[in-house]
Each structure stands twice: as C-alpha cells, then as structure tokens.
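Protein chains get the first letters and strands the later ones, always in sequence-line order, with residue 1 at the start of each.
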Number of protein chains: 2
Amino acid sequence: MHNGYPIAFIERATGISRETLRIWERRYGFPAPARDAQGDRIYSQGDMDRLRRIKRLMDQGHRPGKLVPLGVKALARLEVPARTEMPEVAEGLEDFLTLLRRPGAEGARDWLRRRMAREPLASVTTGLLEPLTRAVGDAWAAGRLCVHEEHLYSEMMSRLLRGAIDALPPGTGPTILLTTLSEERHGLSLLMVEALLRAEDARCINLGVDTPIPEILLAVERHGARVLALSFSRAFPRRRIGPQLTALREQLPAGCQIWAGGGGMAHCKPLPGIQVCHELPDATALLAAMGATEVG
Amino acid sequence: MHNGYPIAFIERATGISRETLRIWERRYGFPAPARDAQGDRIYSQGDMDRLRRIKRLMDQGHRPGKLVPLGVKALARLEVPARTEMPEVAEGLEDFLTLLRRPGAEGARDWLRRRMAREPLASVTTGLLEPLTRAVGDAWAAGRLCVHEEHLYSEMMSRLLRGAIDALPPGTGPTILLTTLSEERHGLSLLMVEALLRAEDARCINLGVDTPIPEILLAVERHGARVLALSFSRAFPRRRIGPQLTALREQLPAGCQIWAGGGGMAHCKPLPGIQVCHELPDATALLAAMGATEVG
DNA sequence: GTGCACGACTGTCCAGGACAAACACAGCAA
DNA sequence: TTGCTGTGTTTGTCCTGGACAGTCGTGCAC
C-alpha cells in the first residue's frame with residue numbers, strides 16, 4: 001500500500017539499520033525492494049512483515065544467515081508458540097484484551113485496579129502483572145494487538161505501578177538504583193522490579209530508561225547505592241550486553257552489586273560479579289540474601 | 001578522554017546522524033576527527049562539546065551552514081541566555097537543584113508534593129511544574145545538570161503528574177487523544193497537557209510517546225476522539241513537522257481537531273486545520289472554545 | 001569428552017557521488 | 001510598504017562498492 005516504504009521507515013519499523021538492510025540485500029538477495037524513479041529503495045508490506053519476523057527470531061538467538069534466506073512459512077514454523085505456562089492468565093487474557101480494545105479502555109484500567117487493590121503489591125506483580133505484560137507482548141509480536149493498543153497498555157500499566165509504588169511508605173533498607181543502559185527504552189520491567197523491592201522495604205531510585213554508563217557510575221556514587229539493577233529487553237543488541245556489564249563491573253566499587261534481568265539476559269552466559277535475575281522473584285531472593293549476609 | 005569517541009557514540013550523544021557528520025566534515029571541514037589504526041573516525045571531547053552546542057542552536061532555528069564554521073566562543077555568544085521570565089521559579093531553582101542533588105533526592109520529591117498539594121493541579125502545572133521543567137532543561141543544556149540528575153527529575157515528575165491525574169475523577173467532556181509522533185520521546189509535556197485538560201473535565205487518553213501515524217489514525221477512530229493533541233520537543237526534526245501534520249490532517253475526519261504544541265512548534269508556520277499551542281494554557285483555551293462552539 | 005585453531009559470518013565503518021526538498025533572497029507588482 | 005514569485009543555495013538523505021574486526025561454529029588433535 002501507499003506504494004511502499006522508504007528505507008528510513010523500514011529501519012524504524014523493524015529496528016534493523018539501513019546499513020544492515022543494504023548488506024543483506026547484497027549478500028543474501030533479500031530484501032530486494034523495488035526502486036522509485038530516483039533509484040531509492042521502496043520496500044513492500046510483505047518485505048516488512050518478513051523482516052519483522054526475522055528480527056523477532058534474531059532477538060530469540062537465531063542467526064541472520066539462517067533466517068534471511070527463509071520464506072515466511074519457514075519463519076513462522078520457527079516461531080516459539082506463545083507461552084501458556086500461566087493458564088489462568090492465558091484464559092483471562094482474551095477478556096482483558098477485549099476490555100482494552102473498548103473505546104476509552106476504562107474497563108481494562110478498572111479491572112487492573114481492582115485486582116491490584118485485592119492483593120499485596122508484590123504478589124499481584126509477580127502473579128498477574130508480569131505474566132500479563134508478557135502475554136500482551138506476545139500478542140503484539142504475533143500481530144494480534146495493534147501498536148496503539150500496546151502503547152495504551154504500557155502507559156496504563158506504568159501509571160498504575162507508579163501510583164502503587166508511591167503509595168508505599170519510603171523504604172529504609174539498602175539503596176538500589178534502577179535503570180536501563182543507552183538505547184534500551186523498555187521501562188516496564190524496571191517498574192515491576194521496583195515494586196517488588198519497595199515492598200521488601202528497599203530504598204529504590206529509578207532513573208528510568210536510557211542512561212549512559214558514565215552517568216550510572218556517577219549516580220551510584222551520588223546516592224550511595226548498594227545495588228545497581230539493570231533491565232535488558234529481548235530487543236537489546238546481545239553482543240553489547242557482556243562488554244557493557246563487564247565495563248560496569250570494573251568501574252563500580254566492589255561494595256556495589258550488579259543485578260541484571262529481563263528477556264535479553266535469557267541466553268546470556270554467566271559473568272563474574274553479576275547476579276542474573278531470570279525471573280522477577282529472583283530480585284526478591286537477592287535482596288533477602290543481602291540482608292542475610294549483613295546479619296550473619 | 002578514553003582516546004576519544006567513535007562515530008556511533010557521537011551520533012547518539014549529539015542526535016546528529018553519521019551521514020550528516022561525515023558530510024559536514026566534507027563540506028565545512030568540521031568536525032575533523034582523528035583516525036584510529038583502521039581509519040575509523042575518533043572524535044575528541046572538544047568536538048563533542050562543539051557539536052552539542054551546534055545542535056542546540058539548530059534546534060532554536062539557526063542553520064547549520066552558519067554555525068558549523070563558528071568556534072566555540074562565537075557559538076557561546078549566540079546562545080540565548082536561560083529564560084528568567086519566571087523570577088520566582090528562577091530563584092527557587094537553585095534551591096530545588098540542591099535538593100535534587102542530595103542522595104536519594106527525597107527532599108526534592110517532598111517539596112514538589114507539598115507544592116502540588118497546596119494548589120489546584122491546573123495552576124500548579126502552569127505556574128510551577130512547566131517553568132520548572134523548562135528551567136531544568138535549560139540547566140541541563142547549559143551543562144549545569146548531569147544526565148542522571150535530569151533523568152531522576154523526569155522520572156520523579158512524571159510519577160507525580162500521573163499520580164495527580166489518576167486522583168482526578170474520570171472526565172465526562174470531549175475525548176482527547178494525546179501522544180507524540182515516531183522518534184519523539186519526550187512525554188513530560190504530554191502529561192502536563194493531560195493534567196490541564198483533565199482538570200477541565202475532558203476525557204483524556206494518553207498513548208505515551210513514539211506512535212506512528214497509521215496507529216494514531218486507528219486510535220482516534222477506536223476511541224472516537226474529538227481532538228488529537230501532539231507534542232513536539234525542540235529536538236524533533238523540524239522539516240518533518242509540517243508534512244506529518246498535513247498528512248494527519250488529510251487522513252483524519254474533519255470532526256477531529258488537531259492541537260500541536262511544545263518547543264518544536266515555536267518557529268513553525270501556521271498550517272491549515274492545525275491549532276498551535278504556543279503556551280501550555282492555550283490548550284485550556286482551545287478546550288473552552290470547543291465547549292462554546294458546541295453550546296452556541 | 002576437551003581444548004584449540006581455523007574459517008565463515010556479520011555488522012559497522014569508509015569514500016565520494018547524486019538529487020530533491022527546504023530555504024533565503026532578490027526582483028517585481030499592487 | 002506589503003505581498004508574491006522565481007532563482008540559486010543549502011542541506012539531509014540516499015546510492016554503490018569495498019574493507020575489516022569481532023563473534024561464532026565447526027572440525028581436528030589430544
């Protein structure tokens with residue numbers, strides 16, 4: 001439609017850089033976009049769909065050389081089916097999505113509010129909000145949810161979480177600095193970790209997303225943080241995780257722990273001096289371990 | 001330091017694309033970075049400072065051809081001194097920054113909370129939060145504030161605003177959809193507009209930042225929005241504002257108004273069918289005008 | 001099975017050329 | 001003076017094709 005998309009649009013929509021797009025074309029013959037009168041690349045809707053699938057699979061650990069030559073069908077066969085490990089969430093998901101799609105979406109917000117009022121923050125976060133967010137992300141990735149619906153969900157959820165966190169009394173435990181590295185713009189899991197830790201009486205300082213490493217070092221020093229908690233989404237370039245964490249570890253004082261979590265850490269090798277949170281509750285466990293060490 | 005920065009780092013740190021950096025070097029002879037053993041560009045700290053000044057002045061409407069050949073001193077002379085139009089804010093600013101710099105920064109949050117509790121949301125937003133945010137932005141641009149301090153401020157402010165907005169009863173007036181276009185990631189002013197409009201009983205749906213145009217169209221239709229409110233920061237590429245707004249205007253139903261505001265709209269020509277909010281209270285006026293039209 | 005070396009893979013960088021859209025400005029008409 | 005229009009300049013983005021370093025996987029020797 002619209003006669004197709006220019007390369008800059010594809011770069012933004014897929015997260016694959018222009019240079020990579022051009023070199024794939026040169027090396028693998030895909031994508032092979034049409035050209036406009038001036039010789040500029042014009043990608044089709046089909047190109048974009050296929051590229052998005054490829055990117056998604058790359059985020060899960062596949063290598064481009066294997067994926068790019070594959071057709072849409074072969075790609076679809078590789079896709080991991082959405083996790084159904086949380087049956088209660090899975091069955092509630094469709095109802096929730098229906099509420100979210102209503103004009104105004106107030107029903108979805110009210111439903112979440114009621115659920116959050118009914119249970120302690122920590123348990124509702126691990127038991128409902130985190131699996132729900134993952135399910136919404138999967139639905140979006142599978143094309144069952146529009147971008148604007150996902151945006152609305154994110155905004156709604158981050159509002160509710162921040163409200164719930166601010167309603168807690170200020171923490172008195174160890175100070176924990178939360179943020180993401182440069183180019184990582186997914187902050188929801190950061191908020192969920194903060195909710196868990198604040199519920200355990202930690203003192204949390206959330207810098208939001210996209211903080212460069214030198215600034216993180218300054219902030220840790222400024223606030224006397226005992227822990228630096230970082231979140232990596234699946235879309236974060238994997239090759240950069242190791243080096244960046246190592247650089248941080250070298251430059252941070254030994255008295256400051258580093259906790260790393262999020263989907264991007266799933267396929268990551270263990271690194272010296274870095275605690276990995278594969279699941280959300282791991283953060284609570286790490287905090288408890290800190291307290292135990294201190295007492296002992 | 002660290003032997004200098006590669007081009008990808010400079011691109012992120014200054015917001016100037018690689019291609020532009022290279023073409024400036026070719027055309028104007030600046031920046032003229034050193035090269036590493038492999039021939040890759042290595043920019044100095046001085047290059048980065050000068051490029052940031054240039055970018056800042058470009059965001060204010062200057063053209064590159066005039067700026068790039070200038071030295072740091074000449075650039076500094078061009079800089080508009082920080083606005084002092086709000087003397088009460090200006091004098092309070094230093095105290096606030098001192099609070100913000102304390103470990104934990106709880107003093108800053110408590111101060112803001114007290115001020116917000118003392119006054120109605122609308123007046124505290126226009127009278128304090130907006131000028132304060134602008135002052136913080138200026139302080140950051142002038143290098144008087146670290147990135148991590150600015151991040152903490154943004155997170156704190158957006159938390160307080162969202163909390164205050166959620167505390168209001170749900171609106172019953174016209175539905176207003178708030179968001180920013182793709183690549184625009186500054187959402188604070190969106191929250192401030194939402195606060196003002198919700199205080200006037202509008203029904204607000206905030207999609208957050210970075211929503212592509214087709215998705216905006218879908219969302220307007222879905223929620224039956226009467227108004228689409230967009231915010232553009234000064235860093236938003238100016239050349240794109242006009243075409244994007246025009247495209248939206250053409251594709252949106254005539255019954256849906258478009259309001260555009262933020263620092264990026266300052267130097268923008270008037271466009272047919274687009275209401276420009278130069279100041280925050282303009283949004284309130286536009287809402288009032290809507291009500292009047294309806295009644296009349 | 002374990003470790004190492006080699007080779008393939010992959011993204012990012014380089015140079016230099018081209019063009020269209022935006023802009024500034026001069027010249028002219030009202 | 002004001003407003004418009006045409007022309008030349010400015011500016012960012014796109015193009016091609018080449019090169020290289022770091023990562024990853026494979027296969028061989030032990």
Before giving the answer on salt bridge (Lys or Arg N to Asp or Glu O under 4.0 Å), spell out for B:Arg53 and B:Asp49 the whole-Å C-alpha distance, their side-chain angles and the decisive distance to 0.1 Å. CA-CA 6 Å; B:Arg53 279 179 192 276; B:Asp49 293 344; over 6 Å; no
Integer-rounded Å distance: [N] [atom2] and [X] [atom1]:
{"X": "A:Leu21", "N": "D:dG17", "atom1": "CG", "atom2": "P", "result": "17 Å"}
{"X": "A:Asp36", "N": "D:dT13", "atom1": "CG", "atom2": "P", "result": "16 Å"}
{"X": "B:His62", "N": "C:dA24", "atom1": "NE2", "atom2": "C1'", "result": "15 Å"}
{"X": "B:Asp40", "N": "C:dT12", "atom1": "CG", "atom2": "P", "result": "13 Å"}
{"X": "A:Lys55", "N": "C:dT10", "atom1": "NZ", "atom2": "P", "result": "15 Å"}
{"X": "A:Ile10", "N": "D:dC15", "atom1": "CD1", "atom2": "P", "result": "12 Å"}
{"X": "B:Ile241", "N": "C:dA21", "atom1": "CD1", "atom2": "P", "result": "19 Å"}
{"X": "A:Glu19", "N": "D:dG18", "atom1": "CD", "atom2": "P", "result": "16 Å"}

[Y] side chain reached by [X] side chain, heavy atoms, under 4.5 Å:
{"X": "B:Ile10", "Y": "B:Ile16", "result": "no"}
{"X": "B:Gln244", "Y": "B:Ser182", "result": "no"}
{"X": "B:Arg63", "Y": "B:Met58", "result": "no"}
{"X": "B:Ile274", "Y": "B:Arg249", "result": "yes"}
{"X": "B:Phe236", "Y": "B:Thr180", "result": "no"}
{"X": "B:Tyr5", "Y": "B:Gln45", "result": "yes"}
{"X": "B:Leu230", "Y": "B:Leu245", "result": "yes"}
{"X": "A:Leu181", "Y": "A:Leu248", "result": "yes"}

Check nucleotides 2-5 of chain C against the protein and report each pair of N or O atoms closer than 3.5 Å, with its distance, or say if there are none.
none

[X] side-chain N/O to [Y] backbone N/O, donor-acceptor pair under 3.5 Å:
{"X": "A:Arg234", "Y": "A:Gly262", "value": "no"}
{"X": "B:Glu184", "Y": "B:His186", "value": "yes"}
{"X": "B:Thr179", "Y": "B:Val209", "value": "no"}

Please confirm whether the shortest side-chain N or O distance from [X] to OP1 or OP2 of [N] is below 4.0 Å.
{"X": "B:Ser17", "N": "D:dT13", "value": "yes"}
{"X": "A:Thr20", "N": "C:dT10", "value": "no"}
{"X": "B:Trp24", "N": "D:dT11", "value": "no"}

Within the structure shown, what part of the strands sits under 4.0 Å from A:Arg238 by heavy-atom distance: base, sugar-phosphate, or nothing? nothing
Could you write nucleotides 2-10 of chain D as a row of B, S and -, 5' to 3', where a protein heavy atom under 4.0 Å of any base atom gives B, of only sugar-phosphate atoms gives S, and otherwise -? --------S
Under 3.5 Å, which N/O atoms of the protein pair with N/O atoms of nucleotides 15-18 of chain C?
unit_1, atom_1, unit_2, atom_2, d
C:dA15, OP1, B:Arg35, NH1, 3.2
C:dA15, OP1, B:Arg35, NH2, 3.0
C:dA15, OP2, B:Arg41, NH1, 3.1
C:dA15, OP2, B:Arg41, NH2, 2.5
C:dG16, N7, B:Arg26, NH2, 2.9
C:dG17, N7, B:Arg26, NH1, 3.0
C:dG17, N7, B:Arg26, NH2, 3.4

